[in-house]
Amino acid sequence: MAQVKPKAEGQILDVRNLRIEAVTETGMRVTLVDDVSFTLNAGEVLGLIGESGAGKSTIGLSTMVYARTGCQITGGQILFHGRDLRELNIKGRQNLRGAKVAYIAQSAAAAFNPAHTIFDQVAEVALQHGVMNRAQARMDAIRLFRELELPSPDTFGNRYPHQVSGGQLQRAMAAMAMIARPDLLVFDEPTTALDVTTQVEVLASFKKLIREHRTAALYISHDLAVVAQIADRILVLRGGKMVEQGEATQILQRPQMDYTRMLVAERVAAEQSRFVEGHVEGDRPLLEVKNVVAAYRGTARVIDDVSIDVRRGDTLAIVGESGSGKSTLARVIVG
């Protein structure tokens, strides 16, 4: 059996007065994150909310003591279990990333290598850090696949990335992040590319994983409706500065600052909006799909006897749970 480390308790992360700057080609310094502070406890999710360029991802990456090219952490402290991560040398930072702090990116398709099986990539972090051997990693990967409600967990890892749906691959990336049992997970808009139905499923899986493993998590998103489903507390950012921070219910129901009120109002308006467009009449559909069948080699059918037609001016919504064949049908249509 894999030697799984004890669950962390208490405060995991304490970020104090964080400042991150970028240097332009002309040598000018631009402040990306200015005087940001927050804490995170085991089993807790902090949602980082703000428009594009607010500094959300920059803050998330800083918890691994990482800054993009041209950027630099120039002030503040990043205390992980009481130790300032900025004091770590290169070896210490390498030991931290993946094993103690793990990052879940926006695009699972871009994060996986198409030439290797899902299991090989999920197990790699644990093997590289010496957390467990290959046999133990396989058993633990299967356990995580089951926790994340992935289909056929015993054999799911034998597939290649292109053989599973986007929602399934996003959950596989969560398994890859969790296999070394880090104390902190950084979710960087991991459901942005997913349809609404799959998004709900994936968020529920993430929330279950965090609670059961007592992992602290930063959840980065521009979408307040998404963060509302998973966060315990919310930090609102604008232009690299803190606007408001509080319990999720307080931020969503009783926002104090004008910018936060605007975000909440936009969320409410989006939930209430409905529109129906009529199609332009014509003699025949613009697109006709008749009795389509599709399968990956050696596997069961992904699409079985599907027929649709779309007229000019129409919008046809294809809805279904993760793995139901939505994206596969779209790929078939475009050849």
Side-chain angles (χ1 to χ4, degrees), residues 12-38 40 46-80 83-116 121-122 124-125 128-129 161 169-170 173-174 176-177 180 182-193 216-223 235-243:
I12 304 294
L13 184 68
D14 183 4
V15 175
R16 301 178 182 177
N17 311 112
L18 181 66
R19 184 180 180 87
I20 302 174
E21 298 178 331
V23 180
T24 67
E25 293 180 355
T26 60
M28 184 189 307
R29 285 190 171 272
V30 178
T31 302
L32 303 178
V33 175
D34 188 11
D35 196 26
V36 170
S37 301
F38 60 87
L40 253 181
L46 174 66
L48 296 184
I49 282 288
E51 60 197 6
S52 180
K56 307 182 299 294
S57 296
T58 302
I59 292 170
L61 291 170
S62 74
T63 62
M64 299 187 292
V65 212
Y66 179 84
R68 294 188 177 96
T69 303
C71 300
Q72 186 178 5
I73 302 170
T74 56
Q77 293 178 295
I78 306 166
L79 302 175
F80 184 76
R83 182 176 183 183
D84 192 349
L85 298 182
R86 295 185 64 197
E87 298 175 356
L88 293 177
N89 58 23
I90 292 175
K91 183 65 175 177
R93 295 179 184 192
Q94 290 173 343
N95 291 336
L96 172 84
R97 296 166 184 163
K100 298 175 182 178
V101 181
Y103 181 82
I104 299 177
Q106 182 176 135
S107 174
F112 279 85
N113 188 325
H116 296 277
Q121 297 177 74
V122 167
E124 184 177 12
V125 173
Q128 287 290 326
H129 285 281
L169 201 58
Q170 205 73 32
M173 187 160 57
M176 181 164 57
D183 290 334
L184 174 63
L185 287 174
V186 179
F187 295 88
D188 196 351
E189 305 213 42
T191 63
T192 299
L218 283 177
Y219 197 96
I220 296 165
S221 180
H222 66 279
D223 190 337
L235 170 58
V236 181
L237 297 160
R238 189 181 193 187
K241 296 179 179 289
M242 296 170 57
V243 175

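As the structure is a prediction and not an experimental result, all values here were calculated from the model.
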Q: Verify, without hydrogens or angle tests, whether R86 (side chain) and G76 (backbone) share a donor-acceptor contact under 3.5 angstrom.
A: yes

Q.
So, taking the atom named CZ in F187 and the one named CD1 in I104, what distance separates them when rounded to the nearest 0.5 Å?
A. 4.0 Å

Q) Quick one: CD1 on I20 to CD1 on I59, what's the gap to the nearest 0.5 Å? A) 6.5 Å

Q: Using modelled atom types only, decide if a donor and an acceptor are shared between the side chain of K56 and the backbone of G50 within a distance under 3.5 Å.
A: yes

Q. Looking at side-chain heavy atoms only, is the closest gap between R238 and E51 below 4.5 Å?
A. yes

Q) Which value, rounded to the nearest 0.5 Å, describes the distance between L96 atom CG and M64 atom CE? A) 8.5 Å

Q. Minimum heavy-atom separation for L237 to A54, with atom names?
A. O-CB, 3.8 Å

(Q) Strictly distance-based, threshold 3.5 Å: is any side-chain N or O of Q121 a donor or acceptor partner for the main-chain N or O of M176? (A) no

Q. With distance as the sole test, does R16 use its side chain to make a donor-acceptor pair with the main-chain N or O of Q77 at under 3.5 Å?
A. no

Q. Looking at C71 and L32, what are the two nearest heavy atoms and their distance?
A. SG-CD1, 3.6 Å

**Q.** Least distance between heavy atoms, P182 atom then A102 atom
**A.** CG-CB, 3.8 Å

**Q.** Separation between CG of L218 and CD1 of I12, rounded to the nearest 0.5 Å
**A.** 12.0 Å

Q: Please assess E189 against S57 for the test side chain to side chain contact (heavy atoms under 4.5 Å, CB included), listing each intermediate value before the final yes or no.
A: CA-CA 9 Å; E189 305 213 42; S57 296; 5.6 Å; no

Q) If only atom types and distance count, is the side chain of Q170 paired as donor or acceptor with the main-chain N or O of A105 below 3.5 Å? A) yes

(Q) Tell me the closest heavy-atom pair linking L46 and L235, and the distance in Å. (A) CD1-N, 3.9 Å

Q. Any side-chain heavy atom of Q128 within less than 4.5 Å of one from Q94?
A. no

Q) Distance from T63 atom OG1 to F80 atom CZ, nearest 0.5 Å? A) 9.0 Å

(Q) I need the minimum non-hydrogen distance between S62 and L18, along with the two atoms involved. (A) OG-CD2, 3.4 Å

(Q) Closer than 3.5 angstrom, by distance alone: can the side chain of R93 be matched with the main-chain N or O of L88 as a donor-acceptor pair? (A) yes

Q: Check step by step if side chain to side chain contact (heavy atoms under 4.5 Å, CB included) holds for R68 and L61.
A: CA-CA 8 Å; R68 294 188 177 96; L61 291 170; 3.9 Å; yes

Q: Give a yes or no answer on whether the side chain of D84 reaches the backbone of I78 with a donor-acceptor pair at less than 3.5 Å.
A: yes

Q: Would you please test D35 and M242 for side chain to side chain contact (heavy atoms under 4.5 Å, CB included) and show each step?
A: CA-CA 8 Å; D35 196 26; M242 296 170 57; over 6 Å; no

(Q) Let me confirm one number: the CD1-CD distance from I73 to E21, rounded to the nearest 0.5 Å. (A) 11.5 Å

Q) Between R97 and V65, is there a donor-acceptor pair closer than 3.5 Å when you use the side chain of the first and the backbone of the second? A) yes

Q | Evaluation steps, side chain to side chain contact (heavy atoms under 4.5 Å, CB included), between L169 and M173 | A | CA-CA 6 Å; L169 201 58; M173 187 160 57; over 6 Å; no

